[in-house]
Each structure stands twice: as C-alpha cells, then as structure tokens.
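So you know, we letter chains A, B, ... as the sequences are listed, proteins then strands, and number each from 1. Note that these values count all heavy atoms, side chains included, but never hydrogens, waters or copies made by symmetry.
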2 protein chains.
Amino acid sequence: MTAKTVLIVDDEASIREMIAVALEMADYRVLEADNAQAAHAMVVDDQPDLLLLDWMMPGTSGIELARRLKRDTATAELPIILLTAKSEEDNKIQGLEAGADDYITKPFSPRELVARLKAVLRRATPTGVEETVEIDGLRLDPVSHRVSANGEALDVGPTEYRLLQFFMTHQERAYTRSQLLDQVWGGNVYVEERTVDVHIRRLRKALGDDHQHLIQTVRGTGYRFSTKE
Amino acid sequence: MTAKTVLIVDDEASIREMIAVALEMADYRVLEADNAQAAHAMVVDDQPDLLLLDWMMPGTSGIELARRLKRDTATAELPIILLTAKSEEDNKIQGLEAGADDYITKPFSPRELVARLKAVLRRATPTGVEETVEIDGLRLDPVSHRVSANGEALDVGPTEYRLLQFFMTHQERAYTRSQLLDQVWGGNVYVEERTVDVHIRRLRKALGDDHQHLIQTVRGTGYRFSTKE
DNA sequence: CGCTAATGTGACGATTTCGTGACACCCGGC
DNA sequence: GCCGGGTGTCACGAAATCGTCACATTAGCG
C-alpha cells in the first residue's frame with residue numbers, strides 16, 4: 001500500500017510537530033503549512049490525500065479555507081478534518097457545514113487522531129473498477145483475487161499477482177525493469193532492478209509450463225507479456 | 001436497486017431542507033414531516049425504508065414516536081436514526097433503548113449522515129427480504145438469528161454472526177479489512193484493522209473443522225468466503 | 001569457438017503478514 | 001457491587017513473502 005500524504009495546517013509549530021511525529025510513526029507522509037495561503041498552494045501542488053486543518057488561524061481562517069476548497073471541483077473531494085479547541089465547540093455546525101468530514105477537539109490523543117484519520121480515508125477512497133481478464137486460458141479475477149489456468153487455481157504471491165495483473169492489462173508492450181518497479185511496486189521504492197527478474201522468475205514458475213511463454217524477456221530491455229511468439 | 005425512501009422528521013424546516021438536499025444528491029427519495037402525528041401517518045401510508053427522527057420536537061417527542069413504532073409489529077422493523085443536539089448526549093441510552101438503530105448528534109456533516117444511513121440500511125433487516133442462506137451444510141437463519149452446521153447449532157457472537165451473514169451473502173469476493181469494517185461494523189467506527197483478524201479467528205473457531213475452510217485468507221489483502229479450493 | 005554481458009535460478013536472512021492466546025474494558029443482569 | 005458475555009487491543013510466534021546475493025546459464029558477438 002502506498003503511503004498516504006497528510007497536510008497539516010496550523011499556525012503553531014509545536015502542534016504541527018506533535019501531529020507530524022504521530023502521523024509519521026503511523027507511516028503517513030506529512031506536509032506542513034502555517035497559514036491558509038500556503039496550505040492552498042500545497043493542496044494544489046502536492047495533492048495530499050487528506051487535510052488536517054486548524055480552525056483558528058490568523059489571516060484566512062481554517063473554515064474559510066475549507067469552504068474554498070469544497071467549492072472548487074478540483075479539490076472538493078479532498079477529505080478534511082478540522083481541529084478545534086474545546087471552547088469553540090459551538091462552531092462545530094459551521095465546520096461541518098463547510099464540508100469537513102470529521103471534527104476533532106483539542107486536546108486529543110495521537111492515537112485517536114490516527115484512528116479517525118484512517119476512518120475518514122477509508123470512507124473517502126473509492127474502490128476502482130475491477131474487471132476480470134482472461135487470456136489464453138489464463139484468468140485473473142480482481143474481485144475474488146484469484147488466478148487460474150484452465151480453471152485450475154494457481155498460487156501466486158501478492159507481488160506476483162500485481163505483476164501479472166499489470167501485464168495482462170498491458171499486453172504486447174515491452175517494459176524496462178525500472179518501469180515495472182514504478183508501475184507494480186509503486187513509484188518511490190528503492191529496490192534493486194534485478195529484483196524484478198526474481199519476481200518474473202517466480203511468476204513464470206507459478207504459471208507453469210502451459211503459460212510461462214506468455215512472459216517473454218526482451219534482451220537488453222526488460223520483459224513483455226504477449227500471446228504471440 | 002430501487003431507490004430507498006427516507007422520511008425526515010424535524011420541526012425545523014431549514015434542517016429538513018439541508019438533509020433533504022444531501023440525501024437527494026445521494027439518490028434517495030425523500031419525504032418530510034414536521035411533527036410526530038404526520039410522521040406516523042406517512043410511515044403507515046408511504047412505507048419509507050428509514051426514518052430520520054429528531055429527538056426534540058413540540059408535541060409528541062421523537063423518542064415517543066420511536067417507541068410507538070417499535071411496539072407495532074407492522075412498523076417494528078423500520079430502521080430509525082435519531083438526531084440530537086450534543087448537549088442531550090446523556091439521553092443516548094434511552095434513544096437506543098427505544099429502538100433506534102443509530103444515533104447522530106447535531107451538528108453532523110451531510111457526508112457522515114449518508115455514510116451512517118447507508119450502514120444502517122445495510123445492517124437493517126429489510127422486511128421480508130431476509131432469507132435463510134445455506135452453503136455446504138452451513139446454514140444461517142436471519143429470522144431466528146441462528147447458525148447451524150449440518151443441523152447442529154453453532155454458538156456465534158453477534159459480531160461473528162454479522163460477519164458470517166455478510167460473507168455468506170457475498171461469496172467469492174475478497175474483502176480488505178477496511179471494507180469489512182465498513183460493511184460489517186458500519187462505516188463510522190474507529191477500530192483497528194487487526195480487530196477483523198480476531199473476529200475472523202473467532203468465527204473460524206465457531207465454524208469448527210468442517211467449515212472453517214470456507215473462510216480463506218487472501219494474503220496481503222484480506223479475506224474471502226468461498227466453497228472452492 | 002571463446003568471451004562478455006544479460007538473464008535465469010536457487011538459497012538465505014530480513015521483513016511483513018497473519019494466527020493465536022491473553023487481557024482489560026464496557027455494560028447489562030443479578 | 002459482582003459477575004459474565006462480548007468486544008477491541010496487544011504481544012508473541014509461526015508462516016509467508018520479499019529483496020538480495022552468488023552462481024549457473026544463455027544469447028549475441030567477433
């Protein structure tokens with residue numbers, strides 16, 4: 001799973017720091033901004049997956065930023081969690097009406113924060129379209145998460161599964177190891193290129209004699225999935 | 001799926017309006033009533049699928065209406081979500097005892113409302129549609145709320161029951177822990193993902209050696225219910 | 001036919017994921 | 001208050017998976 005990015009917007013550096021530490025321990029990427037203008041720019045540029053927004057800030061208030069983001073279709077889907085002090089509880093109505101997805105009152109435990117953040121992300125992330133692919137008797141079904149050859153189930157590991165899925169939906173084209181690492185492993189991972197070879201090997205083995213010819217090595221370049229010779 | 005009908009009961013027109021807009025955007029049919037008497041009539045006449053009920057209303061209170069509806073077998077199955085102000089939190093117990101299926105404190109975001117409404121509708125036993133499921137000698141009877149294997153009764157807790165019911169009505173599909181939390185626990189809970197594992201474990205144990213193979217773990221993803229393999 | 005670079009392959013330790021038992025907590029019933 | 005079932009969380013170990021290496025094999029070239 002690729003790490004989600006969270007943008008923390010608060011004018012107090014100490015609070016940002018505390019939250020950042022908690023989130024980083026929970027494996028989130030963290031961005032910070034100390035005012036609404038900077039935050040808005042970062043939302044546009046860095047496209048975080050979630051916004052942690054302080055209610056009270058000098059200049060443009062948090063709620064104003066929330067309202068603005070929700071009005072713009074490009075950013076309307078961005079989940080927002082508002083942070084407020086206990087005494088400001090009355091403002092909750094405005095906050096949620098402005099489009100916030102959740103609302104946390106200070107003080108809060110890091111753990112609570114992470115939990116609610118997870119919940120919001122879970123609700124916000126739409127499940128992609130999944131179609132089963134079948135090629136030459138080889139079938140991959142994303143719904144049941146199974147791979148079968150001529151009806152017989154094959155045992156493939158998670159990485160081999162993703163690799164095969166990528167190949168089956170991108171046939172007839174050669175990919176370099178680097179491209180495969182990007183597409184299958186997901187962008188920013190540091191892994192040896194030769195690791196791809198090993199997983200290709202494992203996938204071929206799993207496919208068995210009947211189908212391993214589908215994965216062809218393109219010498220000097222990388223690999224290709226193809227039914228043709 | 002035919003659109004579900006939701007009856008909103010609140011004496012403040014502005015609140016009804018806000019909710020109505022949110023629900024219509026989410027593809028629900030919406031009915032409105034501003035007092036308990038009218039609401040009762042509409043429940044009988046229009047048979048909505050769910051009731052959104054304000055706690056505080058002039059005349060017959062929301063809770064009184066809820067109690068009344070739950071007493072009548074004709075309307076007892078109707079899911080009810082209570083709306084209350086934060087300060088009335090203490091009354092939560094009474095609300096749930098009166099038969100409400102969920103409980104939302106104002107203010108709330110439209111998104112939250114829709115999420116919990118979905119969850120309630122999902123969990124709610126849609127009157128009449130409940131059929132007993134039997135798979136591979138394993139039988140789940142929603143009417144008596146019992147599970148049996150080859151005629152022998154099994155002892156499963158409430159959560160395990162819902163989990164099993166969900167699985168039996170959604171075979172051959174791999175679900176992530178997140179999805180299971182959404183579907184079985186309801187989208188608004190903040191629970192660790194690993195908790196799913198524990199309940200899977202409890203369910204497997206309850207199913208016994210004969211049937212625990214039906215619940216399969218999909219490494220790196222989650223779980224699946226299937227007779228195959 | 002040798003040589004070299006690229007790829008195949010088996011093994012291995014490190015890491016991740018999952019299963020499992022224990023435990024603390026909540027809440028309703030007694 | 002005490003008890004007991006139900007629930008969520010944790011810690012630990014087992015198992016699967018991953019990334020890397022060393023070495024074998026192969027393809028392409030002169």
Rounded to whole Å, please give me the gap between [atom1] in [X] and [atom2] in [N].
X: A/Leu163; N: D/dG19; atom1: CG; atom2: P; result: 11 Å
X: B/Ile200; N: C/dG19; atom1: CD1; atom2: P; result: 8 Å
X: A/Leu207; N: C/dG8; atom1: CG; atom2: P; result: 14 Å

(message) So if I define the base as every atom that isn't primed, P, OP1 or OP2, how would nucleotides 22-30 of chain D read as a B/S/- string at a heavy-atom cutoff under 4.0 Å?
(response) ----BS---
With a non-hydrogen cut-off below 4.0 angstrom, is [X] in contact with a base, only sugar-phosphate, or nothing?
X: B/Thr159; value: sugar-phosphate
X: B/Tyr223; value: sugar-phosphate
X: A/Thr217; value: sugar-phosphate
X: A/Gln212; value: nothing
X: A/Val218; value: sugar-phosphate

(request) Select one nucleotide: of D/dT7, D/dC21, D/dT9, the one nearest the side-chain heavy atoms of B/Val191. (result) D/dT9
(message) Heavy atoms from C-beta onward define the side chain here; which of C/dG19, D/dG8, D/dT20 lies closest to that of A/Glu192?
(response) D/dT20
(message) Using a strict threshold of under 4.0 Å (side-chain N to carboxylate O), is an ion pair present between B/Arg177 and B/Glu193?
(response) no
(message) Taking A/Arg29 first and then A/Asp49, would you say they form a salt bridge - that is, a charged N and a carboxylate O separated by under 4.0 Å?
(response) no
(message) For the residue pair A/Thr217 / A/Arg224, report whether a side-chain donor-acceptor contact shorter than 3.5 Å exists.
(response) no
(request) Verify the neighbour count for atom CD of A/Glu172: are there more than 12 heavy atoms of other residues, nucleotides or ligands below 6.0 Å? (result)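 Yes, the 6.0 Å shell around CD holds more than 12 heavy atoms from other groups.
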(message) A side-chain contact here means heavy atoms from C-beta on lying under 4.5 Å apart; do B/Tyr28 and B/Leu117 qualify?
(response)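 In short, these two side chains touch, coming nearer than 4.5 Å.
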(message) Contact between A/Leu7 and A/Val9 at the side-chain level, heavy atoms closer than 4.5 Å - yes or no?
(response) yes
(message) Please evaluate residues A/His145 and B/Thr221 with respect to the criterion side-chain hydrogen bond (donor to acceptor under 3.5 Å, both in side chains), reporting the C-alpha separation (whole Å), side-chain torsions for both, the decisive distance (0.1 Å), and the verdict.
(response) CA-CA 9 Å; A/His145 211 271; B/Thr221 302; 3.3 Å; yes
(message) Should the side chain of B/Arg202 and the base of D/dG8 be counted as holding a donor-acceptor pair, with the cut-off at 3.5 Å?
(response)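 Such a pair is found, so the answer is yes.
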